[in-house]
Amino acid sequence: TLFPYTTLFRSECGYVLESYSDSDWSGHKAHRRSTSASLHFLNGNLLFGTSRTQKVVSLSSAEAELHSLVGACADGIYLRGCLEFLLNVEVHHEALVDNSACKSLANKRGTGKIRHLSSKLLWIQERTADGSLVVSQVSTTINVSDLGTKPLTAMRMKGLLFLLGFVDAENGQQIGQTEYEEMVDRSSSSKKVKQMANLMLRILAVGSLQGVDKLDLSREDMCYLIDEPYMDALATSWSLWTSSGLAVLACIGLAIIAVM
């Protein structure tokens with residue numbers, strides 16, 4: 001169970017500051033600058049949030065996410081200093097992003113080929129290197145800072161508000177629990193589709209090298225990827241593919257349908 005009941009991380013010091021950051025990419029049609037958003041939680045309780053238009057035009061989604069991450073970390077470091085001064089305690093600071101490229105850039109050393117980002121990139125790399133900041137990846141499904149980046153569907157907005165612990169003032173019921181559960185189900189189905197796509201790519205690669213007749217993919221070989229009720233559909237699609245090279249599309253289609 002996630003927000004508003006607990007925090008994602010635990011620390012020996014007892015206080016964890018989590019800084020969630022997110023960004024759209026060139027979402028404004030007039031000037032094409034991206035919007036950064038961040039939400040900061042102390043032990044799972046919302047402390048501070050921002051939504052700002054970036055000052056530069058980003059050349060990629062990873063660059064937009066990096067600008068957002070730097071802004072969130074700067075705010076988080078300030079909040080951490082205030083908390084440690086006021087409470088006289090040690091606060092562990094964790095920054096979370098849903099972009100894998102941005103996370104990799106923050107945790108590696110050096111600018112590589114993206115020298116136009118050198119100042120911000122080296123600053124955050126310095127923070128991760130000295131241990132004052134930890135940058136981790138979080139699923140897009142539960143990245144609550146997405147609320148401040150762009151217009152969202154009603155289901156997505158209510159699901160994120162549920163994570164923040166919002167309640168209806170009229171009846172006292174928590175907002176968005178049903179929408180949140182539906183978001184999680186959709187995310188789980190999407191992961192299964194990606195797993196099946198990777199499996200099919202491996203099958204196609206091996207088949208092109210060894211020939212279809214030499215492949216023998218048993219039911220047990222596939223069961224770790226998909227739930228038992230869908231095994232028959234996948235086994236059928238495999239039989240079609242092994243009997244005819246033209247059935248590759250049918251194989252992939254049945255596999256995708258099986259996990260929907």
Side-chain angles (χ1 to χ4, degrees), residues 2-3 6-25 33-140 142-149 163-164:
L2 299 176
F3 302 107
T6 185
T7 180
L8 290 180
F9 298 93
R10 288 288 182 267
S11 175
E12 295 180 357
C13 65
Y15 289 87
V16 180
L17 176 65
E18 294 170 315
S19 299
Y20 287 77
S21 69
D22 199 10
S23 171
D24 67 349
W25 180 29
R33 293 201 292 269
S34 306
T35 300
S36 299
S38 64
L39 290 175
H40 306 268
F41 297 83
L42 180 63
N43 288 0
N45 299 290
L46 181 59
L47 190 66
F48 179 68
T50 63
S51 181
R52 306 183 181 110
T53 300
Q54 296 179 4
K55 296 181 179 180
V56 296
V57 177
S58 299
L59 301 180
S60 66
S61 59
E63 182 178 340
E65 293 275 0
L66 180 63
H67 289 304
S68 178
L69 175 63
V70 170
C73 290
D75 291 338
I77 290 173
Y78 175 76
L79 291 172
R80 177 186 179 184
C82 292
L83 291 169
E84 291 182 336
F85 175 76
L86 294 172
L87 303 178
N88 194 27
V89 295
E90 181 184 352
V91 177
H92 175 72
H93 189 195
E94 192 93 18
L96 297 107
V97 294
D98 57 14
N99 186 285
S100 57
C102 178
K103 177 207 165 191
S104 299
L105 288 173
N107 286 307
K108 74 173 190 178
R109 300 292 173 265
T111 59
K113 297 181 180 180
I114 48 176
R115 296 183 180 179
H116 63 291
L117 295 178
S118 59
S119 58
K120 288 188 175 183
L121 187 54
L122 291 175
W123 178 82
I124 199 167
Q125 288 178 357
E126 190 177 276
R127 300 285 78 78
T128 58
D130 63 20
S132 61
L133 176 68
V134 177
V135 177
S136 305
Q137 189 169 357
V138 66
S139 171
T140 302
I142 60 172
N143 190 349
V144 287
S145 59
D146 193 27
L147 279 168
T149 60
L163 294 177
L164 294 176

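Between the OG atom of Ser36 and the NE2 atom of His67 there is a distance of 8.0 Å, given to the nearest 0.5 Å. To the nearest 0.5 angstrom, Asp24 atom CG is 5.0 Å from Ser34 atom OG. From Ser23, atom OG reaches atom CD of Glu65 across 5.5 Å, with rounding to the nearest 0.5 Å. For the atom pair Asn99 CG and Trp25 CH2, the distance stands at 11.0 Å (nearest 0.5 Å). We find the CG-OH distance between Leu39 and Tyr20 to be 9.5 Å, quoted to the nearest 0.5 Å. Taking CG of Leu133 as the reference point, atom CD of Glu126 lies at 11.5 Å (rounded to 0.5 Å).
Under the 3.5 Å distance criterion, with hydrogens and angles disregarded, a donor-acceptor pair is assigned to the side chains of Asp146 and Thr149. No hydrogens or angles considered: a donor-acceptor pair under 3.5 Å links the side chains of Thr50 and Ser38. In this structure, a donor-acceptor pair under 3.5 Å is present between the side chains of Glu94 and Ser136.
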Q | From CA spacing to verdict: side chain to side chain contact (heavy atoms under 4.5 Å, CB included), Val144, Leu46 | A | CA-CA 11 Å; Val144 287; Leu46 181 59; over 6 Å; no

Q: Show your reasoning for whether side chain to side chain contact (heavy atoms under 4.5 Å, CB included) applies to Arg109 and Thr128.
A: CA-CA 10 Å; Arg109 300 292 173 265; Thr128 58; 3.7 Å; yes

Q: Apply side chain to side chain contact (heavy atoms under 4.5 Å, CB included) to the pair Phe41 and Leu164, showing each step before the final yes or no.
A: CA-CA 10 Å; Phe41 297 83; Leu164 294 176; 3.3 Å; yes

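The two residues His40 and Ser19 come nearest to each other via the heavy atoms ND1-OG, 2.8 Å. Taking every heavy atom of both residues into account, Glu84 and Val89 meet most closely at CG-O, 3.1 Å. Scanning all heavy atoms of the two residues, the minimum distance from Ala37 to Ser145 falls at CB-O, 3.2 Å. The shortest non-hydrogen separation linking Lys103 to Gln137 is CD-CB, 3.8 Å. Smallest separation of non-hydrogen atoms from Glu63 and Val57: OE2-O, 4.2 Å.
Between the Glu18 side chain and the Leu96 main chain, no donor and acceptor come within less than 3.5 Å of each other.
Using a 4.5 Å cut-off on side-chain heavy atoms (C-beta onward), Phe48 and Asp75 make contact. Taking 4.5 Å as the limit, every side-chain heavy atom of Leu105 sits out of range of all side-chain heavy atoms of Leu69.
With sequence neighbours left out, Ile77 forms a side chain to side chain contact (heavy atoms under 4.5 Å, CB included) with His93, Trp123, Arg127.
For the side chain to side chain contact (heavy atoms under 4.5 Å, CB included) test with Asp22, the passing option among Thr140, Asp98, Val138, Val97 is Asp98; the others fail.
Within a 6.0 Å radius of CG in Asp130, other residues, nucleotides and ligands contribute more than 12 heavy atoms.
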